[in-house]
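Read through the structure below, which is laid out as structure tokens, and then see the notes.
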Amino acid sequence: MSTALQLSDVTVTYSDGDSQVTALDDVSITVAPGEFVAVVGPSGSGKSTLLAVAGALTTPATGKVTVAGVEVTGLDDTALAKVRREHIGFVFQSSGSLPSALSAEQQLELAARVAGGWGRHTGAELLEKVGMTHRAKNRPGSLSGGERQRVGIARALVGDPQILLVDEPTAALDRHRSQEIVALLAKECHDFNVAGVMVTHDHEVLGHCDRVFEMVDGRLSPVA
Ligand SMILES: Nc1ncnc2c1ncn2[C@@H]1O[C@H](COP(=O)(O)OP(=O)(O)O)[C@@H](O)[C@H]1O
Ligand SMILES: [Mg+2]
């Protein structure tokens, strides 16, 4: 089976004044097309850094990263931006709080223009999938945190990304909506051969995931 996402022996170190923080410590993971995996772990353990590396936002000092068949280690910023634009759907931990003058529907239209087209779902279909049809004309300022998060998820699915990276998608959602949203993410991965990685604190949604990993102090291991 081909791999959509592969990190091999990746280490990321940040210098924090005089001290060094090892955010990722010799991390290896392979995610196949159509697979939806979860990463759990305490705050500060390196989960967001893992997504940043997988999403070609950060290139690690050591190790090898392959994204959608492209080895990204060593690419310049322009080439990395192209990989992100063409292959990656990103739901940032903070995407629910980004201010915008654009309505939900306009945000998706902008994303489609950047991606060069809608892909398999139109904006209206995506808003329907995340239960936001009735809020299509609303700007983020008049949406709840959970509603903004759902728009962020719809936006990440525009343009048929091969890789979906999602940081804490249920943080602002109630239990029922959390199950719905994570089931949707899993179904997108399974139905359309997308490789998905979700960081979460929410153990109740892990049943939707094909594999679960735990991050502790920058080290990633499978959860039995
Ligand atoms: N840009 C940065 N500069 C310095 N340290 C950072 C930076 N980003 C993350 N870190 C540190 O790296 C570690 C992992 O952070 P992060 O990946 O955000 O963890 P998590 O998402 O699991 O909370 C933490 O100790 C954090 O303080
Ligand atoms: Mg984080």
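Whatever order the structure lists them in is the order used to number ligands and atoms, beginning at 1.
Among Ser48, Gly218, Gly17, Ser43, the residue whose heavy atom lies nearest to atom 18 (O) of ligand 1 is Ser48. With Ser15, Ala23, Ala52, Ser19 as candidates, the residue nearest to atom 12 (O) of ligand 1 on a non-hydrogen basis is Ala23.
If you check the side chains of Glu71 and Thr66, you find no donor sitting under 3.5 Å from an acceptor. Side-chain contact, His208 with Gln179: a donor N or O sits under 3.5 Å from an acceptor N or O. In this model, no donor atom of one side chain and acceptor atom of the other lie less than 3.5 Å apart for Thr11 and Asp26. Judged purely by distance below 3.5 Å, without hydrogens or angles, the side chains of Asn138 and Ser103 never pair a donor atom with an acceptor atom. The closest side-chain donor-acceptor pair between Glu188 and His121 falls under 3.5 angstrom.
Salt bridge annotation for Lys82-Glu86: present, with a cationic side-chain nitrogen under 4.0 angstrom from a carboxylate oxygen.
Closest protein heavy atom to atom 1 (N) of ligand 1: Tyr14 CE2, 3.7 Å. At the shortest separation from atom 17 (O) of ligand 1 among protein heavy atoms lies Thr49 OG1, 2.5 Å. The shortest contact between atom 13 (C) of ligand 1 and any protein heavy atom is with Gly44 O, 3.6 Å.
Where the criterion is an N or O separation shorter than 3.5 Å, residue side chain and backbone included, Gly46 meets it with respect to ligand 1.
At least one heavy atom of Pro42 lies less than 4.0 angstrom from ligand 1. The shortest separation from a heavy atom of Val21 to ligand 1 is under 4.0 Å, placing the residue in contact.
In this structure, Met132 is a member of the same hydrophobic cluster as Val166, with clusters built from ILVMFWY side-chain heavy atoms closer than 4.5 Å.
Per-atom contact check: atom 4 (C) of ligand 1 touches the protein, criterion being a heavy-atom distance below 4.0 Å. Atom 27 (O) of ligand 1 lies below 4.0 Å from none of the non-hydrogen atoms of the protein.
Counting backbone and side-chain atoms alike, Ser48 contributes an N/O/S atom closer than 2.8 Å to the Mg ion (ligand 2).
No side-chain heavy atom of Val12 sits under 4.5 Å from any side-chain heavy atom of Thr22.
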